[in-house]
Amino acid sequence: MYDGIKGFAEVYPEEMAAYREVIDTVEDTARGYGFREIETPAMESAEMYIDKSGEEIVEELYAFEDKGGRHVALTPELTPTVARMVAGRSQELAKPIKWFSTRPFWRYEEPQQGRFREFYQTNVDIFGASDPAADAEILAFGADTLTGLGLTADDFEFRISHRDILGELLRSFDGDVDVRNAIRAVDKSEKVDRNEYLRLLEEAGLGGDQAETFVDLLAAGNDDLDELVAFTDSVEPAVENLQAVLSAAADYGVREFCDVSLETARGLDYYTGVVFECFDAEGEISRAIFGGGRYDDLIESYGGPEMPAVGVAPGVMNSTLPLLLKRAGVWPDEEFTTDYYVLQVGDTRPVAAGIARELRERGHIVEGDVEGRGFGAQLDYADSINAETVVIVGEQDLANDELTIKEMESGDQIQVPVEAFPGEHNRPTIGDFR
């Protein structure tokens, strides 16, 4: 007997039925906004991640040398891949480009609640649109997905920030400030205490008083962005852009879910403008549910033209979104259902198989006996797979050109002519023949 690999989940049918409902809701919401589905490779050159994040990123990857001597990695995220794909065909793709994809990713990190080493995300991206409406549409997609799953404004919140606001504030201080590391410190601000946060900012080049001032400015800006413009007018374009996105979010009907939170930074270096993270409004789940933002420079960095981009990636399996749905009491039922079970008694397989085929052609889930079991065993199995209706095809009934329909929940049953079932009925039940 072999053990499973740590950090890789096994999902059985009942639980998978709930995950499937979540995935279908996310994908159907994306399709409703006009996003088109793509497929992407599970493996990329490891250099694609090293070039953007440094050699230390290898410790977080499933990276290895393949049989051709290439340094490759299982993909830890999708954004670099789709950026490369857009760059490769940028001239022939109509703009804006709106893509989505649901697939697994792999990161070699310590498994924890809501994060496995293998996890599934639905990535949703818009390429070629710089207008704040594109950012707002991504926010609207995220909000519509969550409300479509049964959540309300009391269950989640979007914490919205702007990388250029953070960058311009940091550059406004005298001294040699490492903006990249300072923003990484901001990204950790809610995971550490204030003293540790200030220490990280000081390590990035801010003096002690400057670090205090910076932290206080972010807090003030959460309530009034004009406070930041009063401190340095270099932030004004970014402030105006953030305000425009929030205004567009109101037009899309999702402003109620959005809170300005300048402590939200998103740790990845390729983000360039508005960024956001979704959190459990009740605070029971401390980690972000998902996040996204604008990355206007990434396509060009992969050899493509200058092209704005914005996206989001809700996790749909082995992630924090299922935790939020369970906390809020809207996790789908972990059960699978069967529309019909066609039960055979005696030598009736040709007729039973024909009925099953006709029902499947109408789009129903249909099972039948494949083991030669007796009547009682088949009925028990039909009950175990939550069959709504059992169609009993027996030798004695067929001798009278009849079959029996049995509703499992009520136990009611009725005999009907063979030629009348399923007949013209799309989803025949006992009520259709009384």
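Values below: every heavy atom of this structure, side chains too, minus hydrogens, waters and symmetry copies. Residues: numbered from 1 along the sequence shown.
Of the charged side-chain nitrogens involved, none lies within less than 4.0 Å of a carboxylate oxygen, so that R115 and E110 do not count as a salt-bridged pair. Ion pairing of E60 with R117 is absent here, as no side-chain N (NZ or NE/NH1/NH2) approaches a carboxylate O to less than 4.0 Å. Ion pairing between a basic and an acidic side chain is recognised when a charged N comes within 4.0 Å of a carboxylate O; R103 and E39 show no such pairing. Here D296 pairs with R294 in a salt bridge; the nearest charged N to carboxylate O distance falls below 4.0 Å. Electrostatic pairing of D125 and K98 does not count as a salt bridge here, judged by no charged N lying under 4.0 Å from a carboxylate O. Using a 4.0 Å cut-off between charged side-chain N and carboxylate O, E196 and R199 make a salt bridge.
The CD1 atom of I355 sits 6.5 Å away from atom CZ of F421, with the distance rounded to the nearest 0.5 Å. Taken to the nearest 0.5 Å, the CG atom of N241 stands 9.5 Å off from the CG atom of L246. Within the model, atoms CG of D176 and CG of D178 stand 7.5 Å from one another, a figure rounded to the nearest 0.5 Å. Distance CD1/I23 to CE/M317: 4.0 Å, rounded to 0.5 Å. The OH atom of Y340 sits 5.5 Å away from atom CG of L359, with the distance rounded to the nearest 0.5 Å. One distance of note links CZ of R427 with NE2 of H364; it measures 5.5 Å at 0.5 Å rounding.
Using modelled atom types, one finds no donor on one side chain facing an acceptor on the other under 3.5 Å when comparing S319 with Q121. Under 3.5 Å, the side chains of E367 and Y381 contain a donor-acceptor pair of N or O atoms. No donor-acceptor contact under 3.5 angstrom links the side chains of E77 and N123, judged on distance only. No hydrogens or angles considered: a donor-acceptor pair under 3.5 Å links the side chains of E44 and T81. Of the N and O atoms on the side chains of Y33 and D144, at least one donor lies less than 3.5 Å from an acceptor on the other residue. For S161 and T264, the side-chain atoms include no donor-acceptor pair closer than 3.5 Å. Side-chain N/O atoms of R171 and T232 include no donor and acceptor closer than 3.5 Å.
Using a distance-only test at 3.5 Å, with no hydrogens or angles considered, a donor-acceptor pair links the side chain of T338 to the main chain of I385. Checking side-chain atoms of S247 against main-chain N and O of A244 turns up no donor-acceptor pair under 3.5 Å. At least one donor-acceptor pair closer than 3.5 Å links the side chain of T147 to the backbone N or O of A143. A donor-acceptor pair under 3.5 Å links the side-chain atoms of Q210 to the main chain of G207, judged by distance alone. Put simply, the side chain of D224 never gets that close to the backbone of G221: no donor and acceptor are under 3.5 Å apart. Not one N or O on the side chain of R360 forms a donor-acceptor pair closer than 3.5 Å with the backbone of G363. Although no hydrogens or angles enter the test, the distance criterion places a donor-acceptor pair under 3.5 Å between the side chain of D339 and the main chain of I365.
Taking each heavy atom of K6 and P111 in turn, the nearest pair found is CE-CD, 3.8 Å. The shortest non-hydrogen separation linking F276 to G293 is CE2-N, 4.2 Å. When all heavy atoms of S189 and V186 are compared, the closest pair comes out as OG-O, 2.7 Å. In terms of heavy-atom proximity, A248 sits nearest to A136 at CB-CB, 3.5 Å. Listed here is the closest heavy atom pair of V177 and L206: CG2-CD2, 3.8 Å. Scanning both residues, P96 and I126, for their nearest heavy atoms gives CB-CG2, 4.0 Å.
Atom CG of D174 has 12 or fewer heavy atoms from other residues, nucleotides or ligands within 6.0 Å. Remark: Q112 CD is packed, more than 12 non-hydrogen atoms of other residues, nucleotides or ligands lying under 6.0 Å away. Heavy-atom contacts from other residues, nucleotides or ligands closer than 6.0 Å to CZ of R36 number 12 or fewer. Within a 6.0 Å radius of CG in D66, other residues, nucleotides and ligands contribute more than 12 heavy atoms. Surrounding NZ of K95 are more than 12 heavy atoms belonging to other residues, nucleotides or ligands, all under 6.0 Å away. The number of heavy-atom neighbours closer than 6.0 Å to CZ of R89, taken from other residues, nucleotides and ligands shown, is 12 or below.
Between Y19 and W331, the ring centre distance stays below 6.0 Å.
Here the options are T25, T102, D24, the test is side-chain contact (heavy atoms from CB on, under 4.5 Å), and the partner is V316; only T102 passes. Here the rule is side chain to side chain donor-acceptor pair (under 3.5 Å) with R159, and of E263, E190, E277 only E190 fits it.
For the pair Y197/D193, no side-chain contact is recorded, criterion being any heavy-atom separation below 4.5 Å from C-beta on. The shortest distance between side-chain heavy atoms of L321 and L149 falls below 4.5 Å. For the pair F100 and V312, the minimum side-chain heavy-atom distance is 4.5 Å or more. Proximity of I405 to T389: side-chain heavy atoms (C-beta onward) are separated by under 4.5 Å at one or more points. Counting heavy atoms from C-beta on, the side chains of L61 and L74 never come closer than 4.5 Å. Within the 4.5 Å cutoff, the side chain of I160 has no heavy atoms near those of the V260 side chain. Residues H162 and V275 are not in side-chain contact: their nearest non-hydrogen atoms beyond the backbone lie 4.5 Å or more apart. Residues L218 and N222 are not in side-chain contact: their nearest non-hydrogen atoms beyond the backbone lie 4.5 Å or more apart.
The ring-ring contact (aromatic ring centres under 6.0 Å, His included) pairs that include a residue from residues 211-262 are F156-F257, F173-F231, where partners are two or more places apart or lie in different chains.
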(request) Carefully, step by step, assess R107 and F116 under the rule side-chain contact (heavy atoms from CB on, under 4.5 Å). (result) CA-CA 8 Å; R107 291 179 187 167; F116 286 67; over 6 Å; no
(request) Take K406 and D412 through the test salt bridge (Lys or Arg N to Asp or Glu O under 4.0 Å) and record every step on the way to the result. (result) CA-CA 6 Å; K406 179 181 179 66; D412 294 342; over 6 Å; no
(message) Between F35 and E137, is the side-chain contact (heavy atoms from CB on, under 4.5 Å) condition met? List the steps.
(response) CA-CA 11 Å; F35 291 93; E137 183 164 292; 4.0 Å; yes
(request) Kindly indicate, with the supporting measurements, whether the criterion side-chain hydrogen bond (donor to acceptor under 3.5 Å, both in side chains) is fulfilled by Q378 and Y341. (result) CA-CA 9 Å; Q378 290 187 65; Y341 182 87; 3.2 Å; yes
(message) Test salt bridge (Lys or Arg N to Asp or Glu O under 4.0 Å) on R184 and D187; report intermediate values, then the result.
(response) CA-CA 5 Å; R184 287 182 174 179; D187 186 51; over 6 Å; no
Please table the atom pairs, donor to acceptor, closer than 3.5 Å between any side-chain atom in residues 282-289 and protein atoms at least two apart or in another chain.
{"unit_1": "E282", "atom_1": "OE1", "unit_2": "R327", "atom_2": "NH1", "d": "3.4"}
{"unit_1": "E282", "atom_1": "OE2", "unit_2": "R327", "atom_2": "NH1", "d": "3.4"}
{"unit_1": "R287", "atom_1": "NH1", "unit_2": "Q113", "atom_2": "O", "d": "3.2"}

